[in-house]
Structure formats: C-alpha cells, structure tokens
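Following: one structure in structure tokens, then a few remarks.
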Amino acid sequence: MANLNLNKVILGGRLTATPELKQTPGGTSVVSFTIAVNRKGTERKTDFIDVTAWRATAEFISKYFGKGKMLIAVGELQVRQYTTNNGEK
C-alpha cells in the first residue's frame with residue numbers, strides 16, 4: 001500500500017464568542033476562537049474545538065463573524081502540548 005499522508009479537517013458549528021483580531025510582533029494577523037460542534041446520535045453532546053486562523057482569513061472572520069454565528073472551518077489538525085516550568089504537561 002502506498003504511503004498515505006492526509007491531514008484535512010472540516011468542522012461546522014457555532015462560535016462561542018466574538019473573535020478578536022490580534023497581530024504578531026511581525027505584523028501578521030491572527031485570530032483564535034472556539035467552535036461548538038454538536039455530535040449526532042441518541043445522546044446530544046457538544047465538542048468545543050479551538051481554531052486559529054491567519055492573515056486574510058483571520059481578518060475576514062473578525063470582520064464578518066460574531067458570537068453564535070455558524071461557521072465552517074476547513075484546515076489541518078495540529079495537536080499541541082504545553083509543559084509548565086515545573087515539568088507538568
């Protein structure tokens with residue numbers, strides 16, 4: 001079988017808060033927000049997914065979307081880890 005490397009995610013849900021546009025020290029636009037995504041099934045559950053958008057996409061989202069608005073995000077999934085100064089994850 002061929003080596004398959006695919007990382008594409010499509011999420012649809014509602015914004016949990018109005019996104020706030022920020023700038024990196026280099027002047028690049030960035031916006032981070034959370035999407036509430038409902039799961040289908042017998043029990044209704046909601047996942048809260050953190051999303052980050054950059055440059056023109058970040059500017060577009062901050063201009064046209066607010067809390068409670070529906071949004072579809074297409075992108076790549078990245079798992080991040082944070083370690084405190086005490087070495088705790």
Side-chain angles (χ1 to χ4, degrees):
M1 186 166 150
N3 184 7
L4 180 63
N5 292 309
L6 178 64
N7 184 353
K8 185 166 188 168
V9 176
I10 303 171
L11 298 169
R14 293 192 180 275
L15 291 171
T16 61
T18 299
E20 182 181 335
L21 184 67
K22 297 182 180 179
Q23 303 288 325
T24 65
T28 304
S29 298
V30 61
V31 67
S32 295
F33 52 93
T34 302
I35 299 177
V37 180
N38 293 328
R39 289 192 213 172
K40 289 186 178 179
T42 56
E43 241 183 276
R44 282 212 91 150
K45 292 186 178 180
T46 303
D47 293 309
F48 295 91
I49 312 295
D50 294 327
V51 179
T52 303
W54 296 89
R55 298 176 183 80
T57 304
E59 293 170 11
F60 181 84
I61 290 169
S62 68
K63 184 175 182 179
Y64 294 107
F65 291 89
K67 180 179 180 178
K69 295 292 184 179
M70 290 289 293
L71 181 107
I72 295 175
V74 178
E76 297 177 354
L77 180 66
Q78 292 182 3
V79 179
R80 299 184 197 172
Q81 292 184 357
Y82 175 77
T83 305
T84 66
N85 293 336
N86 298 334
E88 299 171 352
K89 289 188 177 185

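Here the structure is a predicted model, which means the values were calculated and not measured. The figures here come from the full heavy-atom set of this structure, side chains too, leaving out hydrogens, waters and symmetry mates.
For Glu20, the CD atom is loosely surrounded, since the number of other residues' heavy atoms within 6.0 Å does not exceed 12.
Listed for the Asn7 side chain is a donor-acceptor partner under 3.5 Å among the backbone atoms of Leu77. The backbone N or O of Thr28 sits less than 3.5 Å from a side-chain atom of Thr24, completing a donor-acceptor pair. Looking at Thr34, its side chain never comes within 3.5 Å of a backbone N or O of Asp50 through a donor-acceptor pair.
Minimum interatomic distance between Val31 and Pro19 (heavy atoms only, all atoms of both residues): CG2-CB, 3.4 Å. Between Lys8 and Val74, the closest heavy-atom pair is CE-CG1, 3.6 Å. Between Thr18 and Gly66, the shortest heavy-atom contact is OG1-CA, 3.8 Å.
To the nearest 0.5 Å, atoms CG (Leu21) and NZ (Lys63) are separated by 11.5 Å. The distance from the CZ atom of Arg14 to the CD1 atom of Ile35 is 12.0 Å, given to the nearest 0.5 Å. Of the inter-residue distances, the one linking Phe65 atom CZ with Met70 atom CE reads 10.5 Å to the nearest 0.5 angstrom. To the nearest 0.5 Å, atoms NZ (Lys69) and CG (Leu71) are separated by 11.5 Å.
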Just list the side-chain donor-acceptor pairs under 3.5 Å for residues 51-62, sequence neighbours left out, or say none.
from: Thr52; atom 1: OG1; to: Ser32; atom 2: OG; distance (Å): 3.4
from: Glu59; atom 1: OE2; to: Ser29; atom 2: OG; distance (Å): 2.6
from: Ser62; atom 1: OG; to: Ala58; atom 2: O; distance (Å): 3.3
from: Ser62; atom 1: OG; to: Glu59; atom 2: O; distance (Å): 3.0

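Counting only heavy atoms from C-beta outward, the side chains of Lys67 and Leu15 never approach each other to under 4.5 Å. The shortest side-chain heavy-atom distance between Arg44 and Asn38 falls under the 4.5 Å cut-off.
In terms of the ring-ring contact (aromatic ring centres under 6.0 Å, His included) criterion, Phe48 has no residue partners (sequence neighbours excluded).
Grouping Ile, Leu, Val, Met, Phe, Trp and Tyr residues whose side-chain heavy atoms lie under 4.5 Å apart, directly or via other members, leaves Tyr82 alone, with no other cluster members.
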For Arg39 and Thr46: C-alpha separation, side-chain torsions, deciding distance, then whether side chain to side chain contact (heavy atoms under 4.5 Å, CB included) applies. CA-CA 6 Å; Arg39 289 192 213 172; Thr46 303; over 6 Å; no
